[in-house]
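Notes to accompany the following structure.
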Amino acid sequence: MDELRKNGMMNHLLGALERGEDIGHYGRLVFAIVARHFMTEDELVGRLANDRDFSQEDARTLVEQVNAHDYNPPRREKILEYMQKQDFPILPDAHDPDAGNVYRDLDFPQRVYDHISEYHHQKAE
């Protein structure tokens, strides 16, 4: 949990979940995609289920989907796109150019970076 709090966006999402706020579909999605690398599946489900509009069962389903697709953490631009589709602000300060850059503040497992590298290599071909 301390690791996730190093990133302003993740700290913001964690705080909102701790208060039982509805962080919206895309807020939950972003949280799950990033947080799955820093907590157990049960911890992640428990955090997501704190969202007042999201049940334990909904949280488990989302986590299973994110794991099955093995999504990479989204870039800032994608997070900004997501924010336009919901009321809850995923980024606490969307005007800060560093907000939403999870790669700047968090150390992901090497496989995440390898997956990104492989994607860019395939795209270049």
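Each residue takes its place number in the sequence, starting with 1.
When the side chain to side chain donor-acceptor pair (under 3.5 Å) test is applied to E21, the partners found at least two apart in sequence or on another chain are R19. Shown here are the side chain to side chain donor-acceptor pair (under 3.5 Å) partners of N101, two or more places apart in sequence or in another chain: there are none. The ring-ring contact (aromatic ring centres under 6.0 Å, His included) check on F54 picks up nothing, with sequence neighbours excluded. Take D42 and apply the side chain to side chain donor-acceptor pair (under 3.5 Å) test, not counting sequence neighbours, and it matches R60. The side chain to side chain donor-acceptor pair (under 3.5 Å) test applied to D58 returns S55, not counting sequence neighbours.
Counting only heavy atoms from C-beta outward, the side chains of M39 and L4 approach each other to under 4.5 Å. At a threshold of 4.5 Å between non-hydrogen side-chain atoms, the residues M9 and V30 count as touching.
Nearest heavy atom pair, residue N7 against residue V102, reads ND2-CA, 3.6 Å. Residues A49 and A59 approach most closely at N-CB, 4.0 Å, considering heavy atoms. Closest approach of P73 to F108, counting heavy atoms only: CG-CE2, 3.5 Å. The two residues A32 and L44 have their closest heavy-atom pair at O-CD2, 3.9 Å.
In this structure a side-chain-to-backbone donor-acceptor pair under 3.5 Å is present from R36 to Y71. Looking only at distances, a side-chain donor or acceptor of R76 sits under 3.5 Å from a matching main-chain atom of A94. The backbone N or O of G8 lies less than 3.5 Å from no partner atom in the side chain of H12, so there is not a single donor-acceptor pair.
Annotation: salt bridge (charged side-chain N to carboxylate O under 4.0 Å, His left out) contacts involving residues 45-56, sequence neighbours excluded, comprise E18-R47, R28-D51. Here salt bridge (charged side-chain N to carboxylate O under 4.0 Å, His left out) pairs that include residues 94-103, with residues two or more places apart or in two chains, are D98-R104.
To the nearest 0.5 Å, the span separating CD1 on I79 from CD on E77 amounts to 9.0 Å. To the nearest 0.5 Å, atoms CD (Q56) and OG1 (T61) are separated by 10.5 Å. Note that CG of D107 is 5.5 Å distant from CD of E3, once rounded to the nearest 0.5 Å. Here R75 contributes atom CZ and E81 contributes atom CD; the two are 10.0 Å apart, rounded to the nearest 0.5 Å.
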Would you list the atom pairs, donor with acceptor, under 3.5 Å between side chains in residues 85-93 and any protein atom, with sequence neighbours excluded?
from	atom 1	to	atom 2	distance (Å)
Q86	OE1	H25	N	3.4
Q86	OE1	Y26	N	2.9
Q86	OE1	G27	N	3.4
Q86	NE2	I23	O	2.9
Q86	NE2	F88	O	3.0
D93	OD1	H95	N	3.1

Go through L62 and F31 one step at a time and tell me if the side-chain contact (heavy atoms from CB on, under 4.5 Å) criterion holds.
CA-CA 11 Å; L62 175 61; F31 183 81; over 6 Å; no

